[in-house]
Amino acid sequence: MPRRVPSPTILHYYILRELGIRIPRPVGHGPSRFIPEKEILQVGNEDAPMHALFADSFAALGRLDNVTLVMVFHPQYLESFLKTQHYLLQMDGPLPLHYRHYIGIMAAARHQCSYLVNLHVNDFLHVGGDPKWLNGLQNAPQKLQNLGELNKILAHRPWLLTKEHIEQLLKTEEHSWSLAELIHAVVLLTHYHSLASFTFGCGISPEIHCDGGHTFRPPSVSNYCICDIANGNHGADEMQVSPTGSISVSIKSVCEVEVLMEKMKQLQECRDEEEASQEEMATRFEREKRESMFVCFSEEEELAPTRDVSRHFEDTSYGYKDFSRHGMHVPTFRVQDYSWEDHGYSLVNRLYPDVGQLLDEKFHIAYNLTYHTMAMHKDVDTSMLRRAIWNYIHCMFGIRYDDYDYGEINQLLDRSFKVYIKTVVCTPEKTTKRMYDSFWRQFKQSEKVHVNLLLIEARMQAELLYALRAITRYMT
């Protein structure tokens with residue numbers, strides 16, 4: 001049996017460095033910068049069903065990435081996510097394999113998500129993609145360059161998408177897209193825009209072999225001893241000292257949970273007693289849509305895209321703008337007129353068989369997923385809260401459900417939570433650990449990851465609705 005090699009001590013690092021041997025070591029501690037490593041399932045400690053999931057992920061991707069290790073908080077969702085992603089990237093479809101990965105790069109780059117860009121650069125080369133394309137979008141085929149406008153609008157302002165944008169792609173003679181190819185491209189773009197939201201929203205760390213995932217500097221001894229390094233006991237969470245006043249913060253957090261549960265109870269009682277008129281419901285939607293424009297992002301400096309990422313897209317200054325800012329009126333998107341269930345699903349399934357079914361399953365799992373818990377409470381019906389989160393995201397995109405009372409959103413989602421939601425969904429690259437820590441402070445990490453699953457699926461469906469409606473209008 002092979003002898004286990006001990007972890008290198010600081011002394012080892014210095015000796016090997018003197019010999020000219022550079023040893024990489026991870027920059028972070030675990031798969032996420034936001035979630036303590038000890039709270040994430042360690043590979044090797046999983047049960048049989050989880051092990052099978054990990055095996056499927058490794059077989060499909062050739063790796064067990066950090067996104068998977070965080071998503072595994074929710075195995076049912078992860079299974080559906082992996083199945084869908086595998087189909088989009090590797091199974092029979094309208095687009096060649098290298099196009100699929102290049103579109104993934106284009107989509108992730110719009111949000112400066114170097115984590116996903118780096119993964120798909122490797123995959124693109126692995127399936128025979130031309131390395132010259134990676135020097136910049138201008139080096140890719142004109143057909144892919146033409147997709148840049150659609151990528152830009154879907155990522156940042158999908159409500160501006162029109163049938164004319166679709167027509168430009170389908171009727172550009174020599175470099176035109178077929179309808180089936182365009183559906184495949186749209187699903188890939190929306191998939192990777194939303195996955196960028198998850199990556200930033202959960203603080204996913206780069207793997208050790210990727211850019212930003214390793215350092216060659218020897219470890220410091222300022223905070224812990226050599227024997228700790230040798231034993232691998234160097235998690236950042238163990239080194240943190242509890243801040244003064246943490247008890248009062250904890251008490252306040254517990255109170256927040258109780259207040260939220262009481263509001264849910266009161267809203268349910270109000271529902272049972274009386275129902276608002278359609279006019280009142282419409283007024284409440286417009287008010288919530290207007291208020292969502294004044295939920296501010298992080299006050300930190302604007303992030304300029306790095307050259308490594310920005311070369312994969314054009315118009316780097318183009319970003320999110322609120323739905324009805326600057327006096328520009330865009331008609332409300334009424335789900336009763338065009339919905340995923342009645343329109344989008346069948347269109348996708350017709351032009352890209354089975355994908356509509358896979359997406360539908362994934363949407364339903366994320367929306368209906370529940371363990372009937374809220375923080376320390378059990379046997380809780382969380383459907384009202386989940387619906388408020390989903391509908392708030394769609395409201396930010398101008399999408400309205402006629403049968404929903406938007407007055408519930410302000411009751412259930414406090415300001416810090418709204419800031420986090422809007423940042424992760426609209427400008428995910430600006431998400432900070434402070435934002436992540438500031439909402440639902442008493443809830444479990446698995447519950448916060450569940451919030452992110454709702455965010456990314458609601459965002460993906462919103463983008464798809466605008467894109468598929470434009471395609472339908474072009475077709476008719």
Side-chain angles (χ1 to χ4, degrees), residues 76-77 80-81 83-85 87-88 93-94 107 150 153-155 157-163 165-166 179-180 182-195 197-198 281 285 289 323 330-370 383 386-404 406 409 421 425-426 450-476:
Q76 185 188 5
Y77 174 84
S80 176
F81 172 86
K83 189 163 57 172
T84 304
Q85 184 168 262
Y87 197 97
L88 292 174
L150 179 67
I153 295 172
L154 274 179
R157 308 174 202 174
W159 49 86
L160 298 181
L161 199 62
T162 66
K163 67 177 183 180
H165 291 111
I166 304 303
L179 266 173
L182 186 58
I183 289 288
H184 194 171
V186 162
V187 175
L188 283 167
L189 289 172
T190 58
H191 175 79
Y192 282 103
H193 293 157
S194 61
L195 191 54
S197 283
F198 184 86
M281 300 269 257
F285 169 77
K289 185 173 74 172
F323 182 73
V330 183
T332 292
F333 188 124
R334 296 177 71 248
V335 169
Q336 276 64 23
D337 298 333
Y338 195 96
S339 69
W340 166 255
E341 291 80 7
D342 297 333
H343 307 91
Y345 168 83
S346 56
L347 177 61
V348 173
N349 244 19
R350 179 151 49 94
L351 293 169
Y352 189 8
D354 298 329
V355 169
Q357 180 64 41
L358 289 168
L359 292 174
D360 193 58
E361 177 187 294
K362 187 159 64 79
F363 291 147
H364 276 90
I365 288 173
Y367 187 87
N368 295 310
L369 187 66
T370 182
S383 57
R386 283 180 275 120
R387 190 179 186 192
I389 294 168
W390 186 279
N391 286 2
Y392 179 61
I393 294 157
H394 279 195
C395 178
M396 290 191 302
F397 285 92
I399 298 171
R400 181 188 166 208
Y401 295 82
D402 285 353
D403 62 347
Y404 182 69
Y406 286 85
I409 290 174
I421 290 173
V425 171
C426 300
H450 184 190
V451 165
N452 275 274
L453 302 184
L454 284 167
L455 302 193
I456 67 172
E457 294 304 331
R459 175 189 177 168
M460 183 175 184
Q461 191 179 95
E463 285 189 33
L464 278 173
L465 283 173
Y466 278 108
L468 297 174
R469 186 181 67 170
I471 292 171
T472 301
R473 285 177 171 175
Y474 165 79
M475 291 169 66
T476 54

Non-neighbouring partners of Q357 that pass side chain to side chain donor-acceptor pair (under 3.5 Å), sequence neighbours left out:
Y345
Who pairs with L358 by side chain to side chain contact (heavy atoms under 4.5 Å, CB included), at least two apart in sequence or on another chain?
K83, T84, Y87
With no hydrogens and no angle check, is any side-chain donor or acceptor of H191 less than 3.5 Å from a backbone partner on V187?
no
Please report the interatomic distance CD1(I389) to OH(Y367), rounded to the nearest 0.5 Å.
10.5 Å
Mind checking salt bridge (Lys or Arg N to Asp or Glu O under 4.0 Å) for E341 and listing every partner two or more places apart, or none if nothing turns up?
none
Within the structure provided, determine whether Y392 and L454 are in side-chain contact (heavy-atom separation under 4.5 Å).
no
Minimum heavy-atom separation for G356 and V348, please, with both atom names.
N-CG1, 3.6 Å
Quick one: CH2 on W340 to CG on L347, what's the gap to the nearest 0.5 Å?
8.5 Å
Do Y404 and V335 have side-chain heavy atoms sitting under 4.5 Å apart?
no
Starting at CE of M460, measure out to CG of L465 and round the result to the nearest 0.5 Å.
11.0 Å
Report yes if the side chains of L453 and F81 come closer than 4.5 Å at any heavy-atom pair, otherwise no.
no
Does Q461 reach the side chain of I399, with side-chain heavy atoms less than 4.5 Å apart?
no
For residues L182 and L150, determine if any side-chain heavy atom of one lies less than 4.5 Å from a side-chain heavy atom of the other.
yes
Interatomic distance, CG@L351 vs CD1@I471, rounded to 0.5 Å, equals 8.0 Å
Sequence neighbours excluded, the answer for side chain to side chain donor-acceptor pair (under 3.5 Å) partners of Y401 is H394
Audit row: L359, L464, side chain to side chain contact (heavy atoms under 4.5 Å, CB included) steps and yes/no
CA-CA 11 Å; L359 292 174; L464 278 173; 4.1 Å; yes
Check side chain to side chain donor-acceptor pair (under 3.5 Å) between Y338 and all other residues, then give those that pass, not counting sequence neighbours.
T472
How would you list, by chain and number, every residue that makes a ring pair (Phe, Tyr, Trp, His ring centres under 6.0 Å) with H184, sequence neighbours excluded?
Y352
Residues that A366 engages under side chain to side chain contact (heavy atoms under 4.5 Å, CB included), provided they are two or more places apart:
Y77, E457
Can you check whether T190 reaches Y466 side chain to side chain, under 4.5 Å on heavy atoms?
no
Could you pull out all residues at least two apart from D337 that satisfy salt bridge (Lys or Arg N to Asp or Glu O under 4.0 Å)?
R334
Sequence neighbours excluded, which residues qualify as side chain to side chain contact (heavy atoms under 4.5 Å, CB included) partners of S383?
D381, R386
Shortest non-hydrogen separation from L160 to H165 and the atoms involved
O-CE1, 3.4 Å
Q76: partners by side chain to side chain contact (heavy atoms under 4.5 Å, CB included), with sequence neighbours left out:
I365, L369
Residue pairs meeting salt bridge (charged side-chain N to carboxylate O under 4.0 Å, His left out), one or both in residues 460-476, sequence neighbours left out, come to R459-E463
Taking side chain to side chain donor-acceptor pair (under 3.5 Å) as the definition, give me every residue that meets it alongside D403, ordered by chain and number, with sequence neighbours left out.
R387
Rounded distance [0.5 Å steps], CG in N452 versus OG in S194
11.5 Å
Output for pair (L161 CG, L154 CG), nearest 0.5 Å, gives 5.5 Å
Side chains of T162 and Y474: closer than 4.5 Å at any heavy-atom pair?
no
State, with a plain yes or no, whether a side-chain heavy atom of V355 is found less than 4.5 Å away from one of I183.
no
Taking all non-hydrogen atoms of both residues, which atom of H193 and which atom of A107 are closest, and how far apart?
CD2-O, 3.4 Å
Minimum heavy-atom distance between A180 and P94, given as atom pair plus value:
O-CG, 3.5 Å
